[in-house]
> 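Got a structure for you, questions after.
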Amino acid sequence: MLYLVIALIALGIIAAVIGLLSHNKDGSPDVINNNTSSCASCDGFDPRCEQECMMEAATKPIEYFDDEELDEFKDRPSDKYSDDEVEMFREVLYTMKTEEVKEWCRSLTLRNISLPDQLKDEVFMMIG
């Protein structure tokens with residue numbers, strides 16, 4: 001019984017020493033993995049980041065990019081657009097800043113609007 005009490009006391013002392021050593025001089029704990037990434041830092045190579053950002057975006061109100069007229073294309077397949085309809089998308093695309101294109105694509109996805117196949121290469125080049 002005495003050995004058990006001594007072992008518990010020794011274990012407590014070791015835990016206290018480790019706890020004291022694991023803090024910086026200013027008293028803050030060491031941070032091994034500070035996961036402070038934001039959706040602005042998603043680069044397309046981490047699918048988990050993209051998925052988390054899409055889930056986060058789904059909880060917020062949908063952001064429009066002065067493109068409310070595109071809502072008429074909801075649920076239309078991406079290969080079923082006429083040339084005039086593709087031009088409507090292209091007009092919106094080329095009036096926005098390059099850094100807004102990714103958010104615009106998310107907005108279209110959340111609104112169930114498929115990007116026309118004819119524009120996908122241009123969009124990928126702007127995002128990439």
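The chain is numbered in sequence order, starting from 1. In this text the structure is predicted, and so the values were computed from the model without any measurement.
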> Using a 4.5 Å cut-off between side-chain heavy atoms of Ile, Leu, Val, Met, Phe, Trp and Tyr, which other residues end up in the same hydrophobic cluster as Leu119?
Phe65, Leu70, Phe73, Tyr81, Val86, Met88, Phe89, Val92, Leu93, Tyr94, Met96, Val101, Trp104, Leu108, Ile113, Leu115, Val123, Met126, Ile127

> Under the rule for side-chain hydrogen bond (donor to acceptor under 3.5 Å, both in side chains), what residues qualify as partners of Ser107, not counting sequence neighbours?
Arg111

> Flag the pair Ser82 / Glu85 as yes when at least one side-chain heavy-atom distance between them is below 4.5 Å, and no otherwise.
yes

> Check the pair Ile62 / Tyr64 against side chain to side chain contact (heavy atoms under 4.5 Å, CB included), numbers first and verdict last.
CA-CA 6 Å; Ile62 295 174; Tyr64 283 85; 4.1 Å; yes

> Does the distance from a Lys or Arg side-chain N to an Asp or Glu carboxylate O, for Glu100 and Lys97, drop under 4.0 Å?
no

> Sequence neighbours left out, what passes side-chain contact (heavy atoms from CB on, under 4.5 Å) with Asp79? Give chain and number order.
Pro77, Asp117

> Checking Glu91 now: which residues fulfil salt bridge (Lys or Arg N to Asp or Glu O under 4.0 Å) with it, not counting sequence neighbours?
none

> For atom NZ of Lys120, is the number of surrounding heavy atoms from other residues, nucleotides or ligands below 6.0 Å larger than 12?
yes

> Distance-only check: which donor-acceptor pairs under 3.5 Å involve side-chain atoms of residues 10-19, not counting sequence neighbours?
none

> Assess whether atom CG of Asp75 is packed by more than 12 heavy atoms of other residues, nucleotides or ligands within 6.0 Å.
yes

> By salt bridge (Lys or Arg N to Asp or Glu O under 4.0 Å), which residues pair with Glu122, not counting sequence neighbours?
Arg90

> Taking ILVMFWY side chains as joined if any heavy atoms are under 4.5 angstrom apart, and letting links pass through other members, which residues group with Phe124?
none

